[in-house]
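Shown next, in structure tokens, is the structure this report addresses.
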Amino acid sequence: MGTTYSWYYVKNQGQTREDIRAGVAKLPKSAVDPALEFLTRRVVLEIQKHLDEIPPEQLTPQLREQAAAQIRKMERGDAAYAAFRPDAPFFPVFATQICEGYNSSFRDCKGLYKIFRAPVLAFSVYDSDIAFVSFFDGKAGWDFASAPEGYEEYDEELYSSDFPDFLLELCPPESRDEVRSVWDDPSCVFADDKVTEITGILGVPMLIDDDPRRGLRTEGWEIVDAE
């Protein structure tokens with residue numbers, strides 16, 4: 001099973017760290033019943049206890065780390081945060097409900113536009129096979145997909161298979177040929193790699209809540225929580 005994930009980027013229009021913090025507080029979260037939250041914590045404690053009892057030879061380090069990551073996710077529950085750097089072209093925002101296991105569209109970007117009052121760019125991947133990019137500029141929105149030839153497991157009426165020209169306007173002029181090449185590259189097997197390369201060219205992090213730094217390329221960025 002590959003990765004299914006979304007990454008959102010709000011255009012930097014001079015927002016302050018306080019503006020971003022206020023927006024993060026409005027990012028979507030699921031409503032959790034207090035009794036369910038209590039039960040979840042009890043389950044986490046039981047899992048942790050039994051995980052520690054399993055002999056090392058019966059559980060590989062990789063599986064043990066994967067189990068620990070799932071425990072951290074259960075403990076954490078919903079998360080919402082952003083990364084801030086005053087001179088960046090965009091700042092990334094994360095919310096569990098719209099990022100983990102989710103594919104974005106311009107409608108989601110429009111929802112974030114209403115919160116941050118600035119254009120929103122989004123990338124996502126489906127099962128590591130398809131890369132999507134969406135954009136809402138405040139008036140109109142667009143959705144595009146880069147999929148292997150013959151791959152049909154996405155909404156072709158929503159996502160165009162053409163090249164997303166708006167990407168060229170959002171990246172540095174000297175990088176436009178590179179962005180086009182990466183997006184159209186048929187030899188790029190994993191959609192995750194395609195998105196990683198393009199966000200790297202744009203100079204923005206990829207927020208991933210499971211990462212202890214809370215994402216890739218966050219050096220030099222300030223993590224901004226709701227509180």
Side-chain angles (χ1 to χ4, degrees), residues 5-29 76 78-100 102 104-125 131-142 144 164-180 182-183 192-227:
Y5 214 90
S6 292
W7 296 270
Y8 294 88
Y9 300 91
V10 177
K11 188 172 179 58
N12 187 343
Q13 296 185 326
Q15 298 94 329
T16 65
R17 139 184 330 98
E18 289 70 29
D19 293 331
I20 297 171
R21 193 182 308 280
V24 168
K26 298 176 183 177
L27 290 174
K29 289 187 176 182
R76 187 177 64 243
D78 277 348
Y81 63 101
F84 174 75
R85 201 180 75 190
D87 60 341
F90 292 86
F91 60 85
V93 297
F94 175 93
T96 302
Q97 292 298 302
I98 58 173
C99 291
E100 293 188 355
Y102 189 81
S104 61
S105 74
F106 84 86
R107 296 182 182 89
D108 302 291
C109 296
K110 185 176 181 179
L112 293 186
Y113 176 90
K114 292 178 180 179
I115 293 175
F116 292 97
R117 309 308 302 175
V120 178
L121 170 68
F123 292 95
S124 60
V125 295
F132 302 99
V133 63
S134 303
F135 186 59
F136 183 76
D137 67 1
K139 297 180 180 179
W142 300 269
F144 292 83
D165 288 318
F166 65 78
L167 264 183
L168 302 183
E169 300 301 319
L170 299 177
C171 68
E174 66 275 11
S175 302
R176 289 174 180 171
D177 288 344
E178 185 179 3
V179 167
R180 182 183 290 275
V182 171
W183 184 260
D192 319 47
D193 295 338
K194 192 182 294 284
V195 172
T196 299
E197 285 194 54
I198 293 177
T199 54
I201 294 170
L202 292 174
V204 290
M206 297 175 71
L207 298 186
I208 301 171
D209 203 38
D210 282 343
D211 191 299
R213 298 159 300 183
R214 293 207 267 183
L216 307 178
R217 299 190 301 264
T218 56
E219 298 84 359
W221 290 73
E222 176 186 349
I223 298 297
V224 178
D225 292 295
E227 298 178 355

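Atom set for the values below is all heavy atoms of this structure, side chains included, hydrogens, waters and symmetry mates excluded.
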Is the shortest side-chain heavy-atom distance between [X] and [Y] below 4.5 Å?
X	Y	result
Trp183	Val133	yes
Leu202	Pro89	no
Val125	Trp7	yes
Gln97	Tyr102	no

Rounded to the nearest 0.5 Å, what separates atom [atom1] in [X] from atom [atom2] in [Y]?
X	Y	atom1	atom2	value
Leu167	Trp142	CG	CH2	12.0 Å
Leu121	Thr199	CG	OG1	9.5 Å
Met206	Ser6	CE	OG	10.5 Å
Arg217	Leu207	CZ	CG	10.0 Å
Phe135	Ser104	CZ	OG	13.0 Å
Cys109	Tyr8	SG	OH	6.5 Å

Notebook entry, point to check: Is Arg214 close enough and on-axis enough to Tyr81, meaning under 6.0 Å and within 45°, for cation-pi?
Noted result: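 Because its charged atom sits under 6.0 Å from the ring centre and within 45° of the axis, Arg214 does stack over Tyr81.
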Margin query: Atom CG of residue position Asp177 - does it have more than 12 heavy atoms of other residues, nucleotides or ligands inside 6.0 Å?
Written below: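 Incorrect, the count does not exceed 12.
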Check: Are Thr196 and Asp193 close enough that a side-chain donor and a side-chain acceptor fall under 3.5 Å?
Finding: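 Distance-only check fails for Thr196 and Asp193.
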Notebook entry, point to check: Do any N or O atoms from the side chain of Asn12 and from the backbone of Phe91 form a donor-acceptor pair under 3.5 angstrom?
Noted result: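 No, because the side chain of Asn12 does not come within donor-acceptor range (under 3.5 Å) of the backbone of Phe91.
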Next item on the list: State whether the side chain of Arg21 and the backbone N or O of Asp225 hold a donor-acceptor pair below 3.5 Å, judged by distance alone.
Entry: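 Yes; at least one donor-acceptor contact below 3.5 Å.
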List, one per line, each side-chain donor-acceptor pair under 3.5 Å for residues 112-120, sequence neighbours excluded.
none

Margin query: Any carboxylate oxygen within less than 4.0 angstrom of a Lys/Arg side-chain nitrogen, looking at Arg176 and Asp165?
Written below: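 The answer is no: the pair does not qualify as a salt bridge.
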Using every non-hydrogen atom in the two residues, find where [X] and [Y] come nearest and quote the distance to one decimal.
X	Y	answer
Ile201	Ser175	CG2-CB, 3.4 Å
Val179	Cys171	CG2-SG, 3.9 Å
Ala131	Lys194	CB-CD, 3.9 Å
Ser105	Ser134	CA-OG, 3.4 Å
Ile20	Ala82	CG2-CB, 3.6 Å

Checklist line | Ring geometry between Phe106 and Phe136 (parallel below 30°, tilted from 30 to 60°, perpendicular above 60°) | finding: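 Judged by the thresholds at 30° and 60°, the geometry between Phe136 and Phe106 is parallel.
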Next item on the list: Mind running side-chain contact (heavy atoms from CB on, under 4.5 Å) on Phe90 and Leu170 for me, showing each step along the way?
Entry: CA-CA 10 Å; Phe90 292 86; Leu170 299 177; 3.9 Å; yes
